[in-house]
Protein chains: 2
Amino acid sequence: MSPQHNPAKRPLTLRDVSDLAGVSEMTVSRVLRGRGDVSDATRIKVVAAAKQLGYVPNKIAGALASQRVNLVAVIIPSLSNMVFPEVMSSISKVLDETPLQPVIGVTNYLPEKEESVLFEMLSWRPSGVIIAGLEHTDASRAMMRSADIPIVEIMDLDGDPIDAVVGLSQRRAGRKMARAIIKQGYRKIGFMGTNMPLDHRARKRFEGFTDALAKAGIEIADQEYYCGGSALVKGREMTKTILERSPGLDFLYYSNDMIGAGGLLYCLEQGIDVPGKVGLAGFNGVELLSGLPKHLATMDAERHDIGRIAAEIIAARAIGQEAPQRVELTPKLQFGDTLKR
Amino acid sequence: MSPQHNPAKRPLTLRDVSDLAGVSEMTVSRVLRGRGDVSDATRIKVVAAAKQLGYVPNKIAGALASQRVNLVAVIIPSLSNMVFPEVMSSISKVLDETPLQPVIGVTNYLPEKEESVLFEMLSWRPSGVIIAGLEHTDASRAMMRSADIPIVEIMDLDGDPIDAVVGLSQRRAGRKMARAIIKQGYRKIGFMGTNMPLDHRARKRFEGFTDALAKAGIEIADQEYYCGGSALVKGREMTKTILERSPGLDFLYYSNDMIGAGGLLYCLEQGIDVPGKVGLAGFNGVELLSGLPKHLATMDAERHDIGRIAAEIIAARAIGQEAPQRVELTPKLQFGDTLKR
DNA sequence: TCGCCCTATGTTATCGCTAACATATTTATT
DNA sequence: AATAAATATGTTAGCGATAACATAGGGCGA
């Protein structure tokens with residue numbers, strides 16, 4: 001019984017199904033949503049009719065009538081940083097067990113784009129919002145505040161949340177790494193990172209990092225920034241540049257693992273003693289790293305937990321349950337093979 | 001003039017704005033959509049009122065009334081294979097110039113999941129669908145056929161498209177690589193790939209590959225499959241395994257660049273002469289590769305073009321313009337440093 | 001056997017917006 | 001100045017579903 005071709009090319013409605021099944025529209029609606037009491041006989045008739053016609057319900061009409069939309073807006077800065085697809089996949093895994101569905105919006109780290117994406121998404125009246133970071137335009141904050149749905153800001157904790165927040169203190173993560181580096185006796189420390197003033201999390205990590213160094217009376221000895229291009233290549237290039245310019249460096253801290261991996265490969269090729277002469281560390285714990293000849297020291301950002309917990313909060317609140325307002329995760333330092341211990 | 005708090009907690013409607021502005025709902029609607037003639041004086045009043053209230057239009061109601069939804073469903077198997085985020089970003093770039101907006105659905109390579117994701121998306125009545133691959137369940141095909149919207153299947157060409165198709169012949173790509181390898185004199189060829197029967201594109205590439213080898217009287221000398229885990233690590237492990245089991249191999253073909261990169265790193269560490277003693281090649285041209293000590297031979301899958309063209313087709317058809325039904329792209333062989341020439 | 005309650009179905013009235021048409025009010029054209 | 005044409009606004013009637021209420025039969029206890 002394959003779907004019949006609809007001759008009028010008019011989109012199918014409940015009406016078409018109810019006519020074919022010989023019942024009312026309401027009964028069809030009940031059958032297709034599995035709500036209310038319907039006799040087995042009618043149920044079977046209706047299901048058969050819907051299938052025969054190839055009927056696909058119109059959620060737009062359904063949502064308008066029921067004032068319920070089972071979508072969750074997930075707003076992230078980028079898809080090319082693997083961190084975000086990973087967060088997404090944990091979110092999906094949790095929401096798959098619920099009637100909720102994630103809808104992704106990408107901001108490219110631009111506040112104005114975030115604002116427009118948010119506006120667009122809120123205009124579909126989602127059941128909740130998961131959004132990366134705590135920095136938003138005033139208009140964005142106002143929209144989220146007045147939307148009257150659960151909002152979960154993720155990844156970061158250093159700031160003033162709108163509603164719920166799940167993440168780690170990026171400043172503290174930076175400090176933690178700095179202390180570990182100092183403790184191992186490294187003193188002439190170089191930093192490499194993205195030249196992206198709008199990546200607030202990287203910025204805060206750097207602030208925490210320099211902060212802890214300062215407390216130990218140490219200053220960043222040299223630094224280098226990049227933007228765009230293949231992170232692995234850039235890491236390699238920046239490392240070459242910085243080491244040639246400041247041969248005395250004994251540690252290189254990278255704002256992310258990808259450039260760190262590039263740097264590591266460069267050092268290994270050059271026969272530099274890692275971590276003896278120069279120590280290296282990145283941030284994020286990307287899966288990729290485990291395939292390299294040496295394991296880069298890094299700090300796991302717990303992003304699977306972040307995604308999972310954020311989704312759980314939305315799911316709980318969507319059915320009227322209580323949920324935590326603030327969840328702090330603790331990044332774990334992984335020494336790998338590039339940080340003495 | 002910050003958004004006032006809505007005391008009744010009743011969601012704002014056009015009505016609220018029109019009351020405040022002292023005009024009819026229709027006029028507000030016209031102003032906010034920028035359609036029809038409205039005098040500057042009224043426009044200013046209305047915009048001010050909307051802003052003051054923090055009004056966000058309800059697209060659900062709008063879409064139902066206008067029978068227009070500016071969403072494009074993009075259905076892909078996975079986000080963790082960087083290929084798909086890259087395709088997505090080209091799609092977004094094109095759609096950003098139009099009123100259309102992409103909505104992502106992920107199938108995890110499961111046909112049933114694809115079917116349910118598709119059903120879910122079609123129930124929102126999108127303006128078009130971009131979907132990876134040509135293999136779908138009968139129900140999925142039926143749904144797409146009767147949806148009466150442009151459907152663009154991407155990435156692959158070997159099969160029977162529902163509507164439009166943009167991609168490359170995966171079989172031909174496999175054959176092309178095989179011929180290049182044979183031409184350089186390699187004869188004992190090992191293959192490594194994912195153990196994923198549902199990745200039809202990888203399967204077809206492999207078929208094309210063995211096909212071309214067979215024509216030259218050569219058979220795959222050994223093979224190894226993996227599933228799950230870090231591709232880079234798996235590539236390394238499989239390479240070790242296969243080289244120990246079949247020391248006579250003079251070429252290793254990987255079904256994707258990530259495992260290829262792992263294999264390359266392994267060979268370099270082992271001091272194996274690449275490409276003298278053993279040649280290597282992967283597939284996809286991921287950006288990552290350019291950061292490795294040697295460049296892996298690969299074949300660029302043209303995925304930025306694929307995304308761009310698919311989006312252009314949808315955008316053209318959405319405004320009633322003609323658009324190509326079939327676009328074949330030709331993958332470019334990149335010799336890199338791991339395939340003699 | 002009466003009335004009560006449960007089950008299975010139908011009816012009616014929105015949900016918030018926009019298309020299409022109707023109605024002023026100006027401006028242009030001859 | 002008279003009429004047509006354009007501009008600016010309002011009115012009405014849905015879009016396709018669902019919530020809430022209404023109703024028709026059956027079964028069952030007393």
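Using a 4.0 Å cut-off between charged side-chain N and carboxylate O, B:D138 and B:R141 make no salt bridge. Using a 4.0 Å cut-off between charged side-chain N and carboxylate O, B:K93 and B:D96 make no salt bridge.
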N/O to N/O distances under 3.5 Å, protein versus nucleotides 16-19 of chain C:
residue : atom : partner : partner atom : Å
C:dG16  : N2   : B:A61   : O            : 3.2
C:dC17  : OP1  : B:Y55   : OH           : 2.2
C:dC17  : OP1  : B:N58   : N            : 3.4
C:dC17  : OP2  : B:L14   : N            : 2.5
C:dT18  : OP1  : B:R33   : NE           : 3.3
C:dT18  : OP2  : B:S29   : OG           : 2.2
C:dA19  : OP1  : B:R68   : NH2          : 2.8
C:dA19  : OP2  : B:R33   : NH1          : 3.1

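Between A:S24 and C:dT11 there is no side-chain N or O to OP1 or OP2 distance below 4.0 Å.
Within the helix from C:dT1-D:dA30 to C:dT30-D:dA1, the inter-axis angle between the opening and closing five-pair segments is 30°, rounded to 10°.
Contact check for A:L95 versus A:T98: side-chain heavy atoms found under the 4.5 Å cut-off.
For the side-chain contact (heavy atoms from CB on, under 4.5 Å) test with A:L100, the passing option among A:I319, A:I314, A:V69 is A:I314; the others fail.
Atoms CD1 and CD1, on A:I309 and A:I313 in that order, are 7.0 Å from each other to the nearest 0.5 Å. Annotation: the span from A:R201 atom CZ to A:D158 atom CG amounts to 11.0 Å, rounded to 0.5 Å.
Per the geometry, CG belonging to B:D37 stands 14 Å off P belonging to D:dG10, to the nearest Å.
The stretch residues 116-134 of chain A participates, sequence neighbours left out, in these side-chain hydrogen bond (donor to acceptor under 3.5 Å, both in side chains) pairs: A:E120-B:K59.
Under a 3.5 Å cut-off, the side chain of A:E312 and the backbone N or O of A:V94 do not form any donor-acceptor pair.
In the set C:dA8, C:dT9, D:dT9, the nucleotide with an atom closest to the side chain of B:T27 is D:dT9.
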